[in-house]
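Values below: all heavy atoms of this structure, side chains included; hydrogens, waters and symmetry mates excluded. Please read these numbers as outputs of a predicted model, since none were measured by experiment.
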Amino acid sequence: MKKIDDGSFCTLSAADVCAQVGISRDTLYAYVSRGIVRAVAHPGDARKSLYDRRDVAKLHDRKRRGRSRQSVAASTIDWGEPILASGITRIADGQFYYRGHNAVELSQTMTLEDAAGLLAGLRCDPVLNAVPDFVPAKHDLALQRMVAMLAELMTGSPRGDGRPIAARIVRLGALAAAGVSDDGKNPIHLVLANAWSTHENAPDLLRRALVLCADHELNASAYAVRVAASAGATIPASLMAGLSTLSGTRHGGLTPRCRAWMDQVEKGGGKIDPDHVPPGFGHPLYPDGDPRTRALMQACGQTGDAFWARIANLVTQNTWQHPSLDFGLALIERELRLPKGAGLGIFAVGRMAGWIAHLFEQRKSGKIIRSRASVS
């Protein structure tokens, strides 16, 4: 089978695609028009197109499985087709959108409070949601302090279960991550910057990162929040489900793993294993590169011949995997000399806005999420 490298990804000819998948050219063109298979111009013949081998592989696997009820259900939980209707975030054509607005563009000026308002309808004004009596738990890591905060809310006296308390919890999450009490004056990115860094770029970089972390469609932690919310769990309990899921080493827990790998690479003078995909590289929804990471790398000045830009490009050349959000957050943690675990803390604080949006959207549906098991 002939494969052509057009400089961005390996491609196949129309004849090879049709032979591999077992479809006609008309069917192939229909898949292209629906965005299922991406096409690029043939470098040697302007009248022809070439097709992304990764999209073709997914299509072939889908066709091989067939479309029985069981196979459709199985595919939905493995980077498959959407299983819940949602109007919060859309991922398409290598970009992602908050309520129809390009999220990377929003991150240039928006704060996390703004994002929470757009995504979940929250009023997160610092004065309105000030918590002057908050005392953060005495744990070393931001995520541990956030878990302790939610656990206290879960076991304490109920203070409501609507958007006002949700807005307050977003701020409590930031205070817990930062390990500080509240002056009721500063937006969340300044709360974190003042607690964690003296770097002059810290406020802007943290603001951008928080907005880019705010939501990412039906990822594992958002799904966990929706499952809990669908069963009638309170806001703190639902968010605890999301936070617990985020901590996993295949989700937000990749961020500290990526930070450790970056430390090793730096100590080794930039040497990497050419056959190894490091933590923080590769995202199935962004085969040509994660726009969140590009934005964070640019904001950190990591472009062109800069050290981490070169390392990331080398990994991509060797493995075909681009740096993911975890790489971008680990980079910020290093660049701003933030405390250990701050990258994952940024992820968790930002993602609270999206989790709350999913929580209320799921409640509005009035349905409980309850899958069925098949005998394997």
Side-chain angles (χ1 to χ4, degrees), residues 139-147 177-179 192-193 195-199 201-202 205-206 208-210 212-213 216 219-221 243 245-351:
H139 294 294
D140 293 334
L141 300 178
L143 193 74
Q144 294 172 337
R145 294 190 292 270
M146 294 179 72
V147 168
L192 299 181
W196 285 345
S197 178
T198 58
H199 197 292
N201 294 335
L205 281 174
L206 291 171
R208 290 172 182 265
L210 288 166
L212 290 170
C213 289
H216 204 236
N219 53 78
S221 56
L243 199 60
T245 306
L246 184 71
S247 71
T249 57
R250 298 178 68 181
H251 195 0
L254 273 171
T255 298
R257 290 178 58 204
C258 182
R259 168 66 196 265
W261 171 79
M262 294 172 82
D263 291 344
Q264 290 178 348
V265 171
E266 187 175 55
K267 290 178 182 178
K271 295 182 180 179
I272 63 172
D273 181 348
D275 299 320
H276 173 63
V277 179
F281 281 78
H283 197 297
L285 297 181
Y286 300 118
D288 299 317
D290 192 325
R292 301 169 296 179
T293 313
R294 282 196 297 268
L296 293 178
M297 291 181 70
Q298 290 170 1
C300 289
Q302 287 296 329
T303 58
D305 292 330
F307 180 78
W308 287 111
R310 289 190 288 107
I311 294 297
N313 287 335
L314 187 58
V315 172
T316 300
Q317 290 171 14
N318 291 336
T319 68
W320 291 92
Q321 300 298 321
H322 295 265
S324 66
L325 176 63
D326 308 284
F327 179 90
L329 294 175
L331 177 65
I332 286 180
E333 187 177 310
R334 288 176 51 91
E335 291 286 306
L336 299 181
R337 300 180 180 86
L338 303 182
K340 180 182 178 182
L344 179 53
I346 295 167
F347 202 159
V349 172
R351 188 55 57 88

Next on the checklist: I'd like to know whether CZ of R310 has more than 12 heavy-atom contacts from other residues, nucleotides or ligands below 6.0 angstrom.
Outcome noted: yes

I need the minimum non-hydrogen distance between [X] and [Y], along with the two atoms involved.
X: T319; Y: P274; result: CG2-O, 4.0 Å
X: T249; Y: R257; result: O-NH1, 3.2 Å
X: S247; Y: L143; result: CB-CD2, 3.6 Å

Item to check | Qualifying ring-ring contact (aromatic ring centres under 6.0 Å, His included) pairs, either residue in residues 324-344, two or more places apart | outcome: F281-F327

How would you list, by chain and number, every residue that makes a side-chain contact (heavy atoms from CB on, under 4.5 Å) with [X], sequence neighbours excluded?
X: L205; answer: N201, A299, C300, L336
X: T316; answer: H322, P323
X: V265; answer: W261, I272, F307, W308, I311
X: A220; answer: T245, H251

Checklist outcome for this item: Those residues at least two apart in sequence (or on a different chain) that pass salt bridge (charged side-chain N to carboxylate O under 4.0 Å, His left out) with D326 are none

Can I get a per-line list of side-chain donor-acceptor pairs under 3.5 Å for residues 344-351, giving both atom names and the distance, sequence neighbours left out?
unit_1	atom_1	unit_2	atom_2	d
R351	NE	C213	O	2.6
R351	NH2	C213	O	3.3

Please round to the nearest 0.5 Å and tell me the distance separating atom [atom1] of [X] and atom [atom2] of [Y].
X: L210; Y: L206; atom1: CG; atom2: CG; value: 6.5 Å
X: L331; Y: M297; atom1: CG; atom2: CE; value: 6.5 Å
X: H216; Y: L325; atom1: NE2; atom2: CG; value: 8.0 Å
X: N219; Y: L246; atom1: CG; atom2: CG; value: 8.5 Å
X: M146; Y: H139; atom1: CE; atom2: NE2; value: 13.0 Å
X: L338; Y: H199; atom1: CG; atom2: NE2; value: 9.5 Å

Next on the checklist: Is there a side-chain contact between E335 and I332 in this structure, where contact means two heavy atoms from C-beta onward sitting under 4.5 Å apart?
Outcome noted: no

Next on the checklist: Within the structure provided, determine whether L254 and S324 are in side-chain contact (heavy-atom separation under 4.5 Å).
Outcome noted: no

Next on the checklist: Does anything in residues 291-300 form a salt bridge (charged side-chain N to carboxylate O under 4.0 Å, His left out)? List the pairs, not counting sequence neighbours.
Outcome noted: D290-R292

Checklist entry - Which pairs pass salt bridge (charged side-chain N to carboxylate O under 4.0 Å, His left out) with one or both residues in residues 264-275, sequence neighbours excluded? => result E266-R334

Item to check | Residues which pass side chain to side chain donor-acceptor pair (under 3.5 Å) with R259, listed by chain and number, not counting sequence neighbours | outcome: D263, E333

